[in-house]
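Positions are given from 1, in the same order as the sequence printed here. Remember, predicted model here, so these are calculated numbers, not experimental data.
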Amino acid sequence: MSLEKDQASWEHFGREDPLWAVCTDAGRRHGGWDDAAFFTSGEREIERVFAFLEAAGLVPAAGRALDFGCGVGRLTRALSPRFAAVTGVDISRPMLDAAARRNHDRGNVAFVHAAAPGELAFARGTCDFVISLIALQHVTDRAAIRGYLGALAAALRPQGVGVVQLPSSVAARIRWHPLRVIGRTAPRLLLRGPSRVHPYAMTLSALSEEDVTRTFRAAGVAVEHVIDDHRSGTEAVASRSYVISRSA
């Protein structure tokens with residue numbers, strides 16, 4: 001049931017303000033993102049990721065990439081010049097519709113709906129690179145998060161590489177709840193406790209570093225690096241990015 005609630009929330013956000021829901025910049029609410037700036041932010045993110053991978057000697061082959069929790073394709077689009085094929089996956093059909101409209105000029109990009117870890121089976125053993133940033137943190141069920149981690153690991157072919165971000169701890173229960181203000185949707189950050197105003201929430205979840213590392217190893221991939229980062233966008237959250245690889 002929690003995945004159904006997650007899907008309902010993200011379908012709502014995808015209809016209301018899809019770019020802001022992906023990058024919750026306080027000054028970009030209510031359609032404040034323009035496409036050029038939004039996708040440029042994705043290019044910069046991918047440049048940072050690949051600069052690290054190059055320095056670590058972990059550059060993946062340029063075959064197929066998978067962007068999990070792709071939203072409207074911010075990272076999917078940025079990956080398209082680096083790979084022969086890129087698949088963006090998301091739980092929200094409105095997000096995917098927006099992604100398809102905005103990336104129709106990229107012939108090597110496809111978008112796929114997946115609402116549960118088992119629905120990622122189509123990618124098993126086919127990907128040279130997988131990435132998931134600021135996505136798994138919004139899955140409310142920890143067992144589902146572990147399922148997604150296993151599915152992303154299973155997607156890697158031999159010598160494949162992945163970068164997966166997830167908070168390791170959250171200081172308080174954090175939810176973004178939209179409120180109706182003069183006919184417009186405005187976000188509200190609540191610490192501890194559910195909202196009685198609106199049924200849709202952007203919740204931040206966490207798994208400990210030990211839990212994530214154990215899950216990846218059980219799925220047959222090595223955790224090469226664990227990086228402290230601040231991608232979650234709030235000081236109340238300790239975030240980690242995990243660089244994983246599958247041996248030949």
Side-chain angles (χ1 to χ4, degrees), residues 22-23 41-71 73-90 117 120 123-139 142 144-170 204-233 237-248:
V22 172
C23 292
S41 74
E43 292 169 2
R44 290 173 180 162
E45 189 77 76
I46 292 301
E47 286 171 2
R48 286 193 291 269
V49 167
F50 275 80
F52 181 90
L53 295 179
E54 288 167 7
L58 290 168
V59 178
R64 184 181 182 189
L66 177 71
D67 174 18
F68 175 79
C70 67
R74 186 177 75 106
L75 303 183
T76 320
R77 185 178 185 87
L79 289 168
S80 63
R82 296 176 180 267
F83 292 92
V86 187
T87 301
V89 177
D90 205 88
L120 292 176
R124 180 179 293 271
T126 66
C127 298
D128 297 290
F129 182 66
V130 299
I131 190 167
S132 180
L133 305 182
I134 56 173
L136 286 167
Q137 65 187 34
H138 297 305
V139 178
R142 292 184 177 182
I145 294 174
R146 294 185 190 99
Y148 285 126
L149 294 175
L152 291 173
L156 289 177
R157 56 172 53 134
Q159 298 183 320
V161 175
V163 177
V164 178
Q165 174 268 338
L166 184 65
S168 57
S169 66
V170 178
L204 291 185
S205 299
L207 281 185
S208 71
E209 183 177 324
E210 292 76 15
D211 197 345
V212 173
T213 299
R214 182 169 56 249
T215 301
F216 276 136
R217 288 175 177 165
V221 297
V223 178
E224 303 285 356
H225 299 277
V226 180
I227 306 161
D228 291 348
D229 64 45
H230 302 286
R231 287 195 178 95
S232 297
V237 179
S239 181
R240 302 283 186 271
S241 284
Y242 300 85
V243 180
I244 60 174
S245 70
R246 183 175 293 281
S247 60

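- Annotation for G69 and A135: closest pair CA-CB, 3.7 Å, computed over non-hydrogen atoms.
- Salt-bridge annotation for R44 and E47: absent, with no side-chain N of the basic residue lying under 4.0 Å from a carboxylate O of the acidic one.
- Ring-plane geometry between F83 and F129 is classed as parallel, the angle between the planes falling under 30 degrees on a 0 to 90 degree scale with a further cut at 60.
- No donor-acceptor pair closer than 3.5 Å links the side chain of D128 to the backbone N or O of A62.
- When all heavy atoms of H225 and A56 are compared, the closest pair comes out as NE2-CB, 3.8 Å.
- In plain terms, the two heavy atoms of L156 and G162 that are nearest each other are CD1-N, 4.2 Å.
- Residue R142 places its CZ atom among 12 or fewer non-hydrogen atoms of other residues, nucleotides or ligands, all under 6.0 Å distant.
- A distance of 6.0 Å separates CG in L133 from OG in S241, rounded to the nearest 0.5 Å.
- For the atom pair OH of Y242 and OG1 of T213, the computed distance is 5.5 Å after rounding to the nearest 0.5 Å.
- Under 4.0 Å is where a charged nitrogen must lie from a carboxylate oxygen, and between R240 and D229 no such pair does.
- Between the R246 side chain and the A153 main chain, a donor and an acceptor come within less than 3.5 Å of each other.
- Minimum interatomic distance between V170 and L204 (heavy atoms only, all atoms of both residues): CG2-O, 4.1 Å.
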Verdict with reasoning, R82 to I46, per side chain to side chain contact (heavy atoms under 4.5 Å, CB included): CA-CA 10 Å; R82 296 176 180 267; I46 292 301; 3.5 Å; yes
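- Residue T126 comes nearest to R157 through the heavy atom pair O-NH2, 2.9 Å, listed as atom of the first residue, atom of the second, then distance.
- Here the CG atom belonging to L66 is positioned 6.5 Å from the CG atom belonging to L152, to the nearest 0.5 angstrom.
- Here the CG atom belonging to D228 is positioned 8.5 Å from the OG atom belonging to S239, to the nearest 0.5 angstrom.
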Applying side chain to side chain contact (heavy atoms under 4.5 Å, CB included), run through V163 and L53 and close with a yes or a no. CA-CA 9 Å; V163 177; L53 295 179; 4.2 Å; yes
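- Take A222 and apply the side chain to side chain contact (heavy atoms under 4.5 Å, CB included) test, not counting sequence neighbours, and it matches E224, S245.
- When only modelled atom types and interatomic distance are considered, T215 and R146 share no side-chain donor-acceptor pair under 3.5 Å.
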What verdict does the side chain to side chain contact (heavy atoms under 4.5 Å, CB included) test give for Y148 and V164, after you've listed the backbone C-alpha separation in whole Å, the side-chain angles of each residue and the deciding distance to 0.1 Å? CA-CA 11 Å; Y148 285 126; V164 178; over 6 Å; no
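- Closest approach of G71 and D90 over heavy atoms only: N-OD1, 2.8 Å.
- Taking OG1 of T87 as the start and CZ of F68 as the end, the distance is 13.5 Å to the nearest 0.5 Å.
- Note that CG of L207 and OG of S169 are 11.5 Å apart. Values are rounded to the nearest 0.5 Å.
- Taking the side chain as every heavy atom from C-beta outward, I134 and R74 approach each other to under 4.5 Å.
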